[in-house]
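A short write-up of the structure that comes next.
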Amino acid sequence: MKIVIRNTAHEAAQQVADLIAGHLTAKPDIVMGLATGETMRPVYTHLRTLFEAGDVPSSAFTSFNLDEFSGVPPTHPGSFNAYMMEALFTHIADAEGRCFLPDGMADDPQMAAAAYEAKIAHYGGIDLQLLGIGRNGHIGFNEPGTPFDSRTAAVELSQQTRDVMTGFDSNRPHRAITMGIGTIMEARHCLLLATGEAKAAAVGAMLSHPPSLACPASALQAHTDLMIVLDRQAAGRLTEHQLLEVETC
Ligand code: F6R
């Protein structure tokens, strides 16, 4: 595990975009796992700038997003589909055939989740998984209590997650399809970004020993290639002991 702490959220996001760019340059046809959320918006902004400058190849990667709300049409501004279209997919060539999200409108969400999992396997698995973290420690929409070996599934969202949801006036979705923790753990590289004071407690819990189902992100302690990028605020509640471990990891 490697942890990098940058002064500001802007710098942390830029670093994550640069790391993604490095992977794309080394292997343009990489399979990426993508995340949405407010934390990731500046990452995609930086990435778009690199693509537009022609510095980084953008035409050969495949991507699988972590999650999508159930019962929310892809055209709804609150959907992760709409988010990704705006943030990235309309800025690259042929996204439709190679950039995938779970089908939030599926009649049978469990079947759609299993199909998504199979599709990831068909593409050879995820090379680089981008992750944010929820205030309650969720990764993807794997809420506290989710078994660490969970696979892509239709899940219920916690009230805490629904309370901070953006993009919906009312009628916030109750359910989503998310890659499982076990699915995420199989990615060859994981890159987690957390910024802001609101994430400090979750980041502390993620790195507390031993890993606990109460903090889904703590499963990542067992990942063999994990990079965590934080700003000073998100790192604010790491104990001296945790920071010491960071340096030796
Ligand atoms: C999004 C996702 C979530 C978010 C998390 C943080 O695809 O899987 O785990 O990363 O909820 O969201 P923000 O960045 O909005 O605080």
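Every number for a ligand or one of its atoms is a count from 1 in the order of the listing. Keep in mind it's a predicted model, so treat the numbers as computed, not measured.
Nearest protein heavy-atom neighbour of atom 1 (C) of ligand 1: Thr36 OG1, 3.2 Å. For atom 11 (O) of ligand 1, the closest non-hydrogen atom of the protein is His138 NE2, 2.6 Å. Among all protein heavy atoms, the one lying closest to atom 15 (O) of ligand 1 is Glu38 N, 2.8 Å.
The salt bridge (charged side-chain N to carboxylate O under 4.0 Å, His left out) contacts involving residues 147-170 comprise Glu117-Arg151, Arg151-Glu186, Glu156-Arg175, where partners must be two or more places apart or lie in separate chains.
Within 6.0 Å of the CD atom in Gln159, the count of heavy atoms belonging to other residues, nucleotides or ligands exceeds 12. Counting heavy atoms of neighbouring residues, nucleotides and ligands inside a 6.0 Å radius, atom CD of Gln160 exceeds 12 of them.
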Could you tabulate the donor-acceptor pairs under 3.5 Å formed by side-chain atoms of residues 18-32, not counting sequence neighbours?
residue, atom, partner, partner atom, Å
Thr25, OG1, Ala21, O, 2.8
Lys27, NZ, Asp127, OD2, 3.1

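Closest heavy-atom contact between Pro57 and Phe51: O-CE2, 3.9 Å.
The residue from Asp67, Thr183, Leu66 that alone fulfils the side chain to side chain contact (heavy atoms under 4.5 Å, CB included) condition with Thr152 is Thr183.
When heavy-atom distances to ligand 1 are checked against a 4.0 Å cut-off, Ile133 comes that close only through its backbone atoms N, CA, C and O. Under 4.0 angstrom from ligand 1, the non-hydrogen atoms of Thr39 come from both its backbone and its side chain. Looking at Asp67 against ligand 1, only its side chain comes within 4.0 Å, counting heavy atoms.
For the pair Gly140 and ligand 1, the shortest N or O to N or O distance falls below 3.5 Å.
Side-chain N or O atoms of Glu197 include none that pairs as donor or acceptor with a backbone N or O of Gln233 at under 3.5 Å.
Remark: distances from the non-hydrogen atoms of Lys199 to ligand 1 include one below 4.0 Å.
Annotation for ligand 1: atoms under 4.0 Å from non-hydrogen atoms of Leu66 are 8 (O). When each atom of ligand 1 is checked for a heavy atom of Gly132 under 4.0 Å away, the hits are 10 (O).
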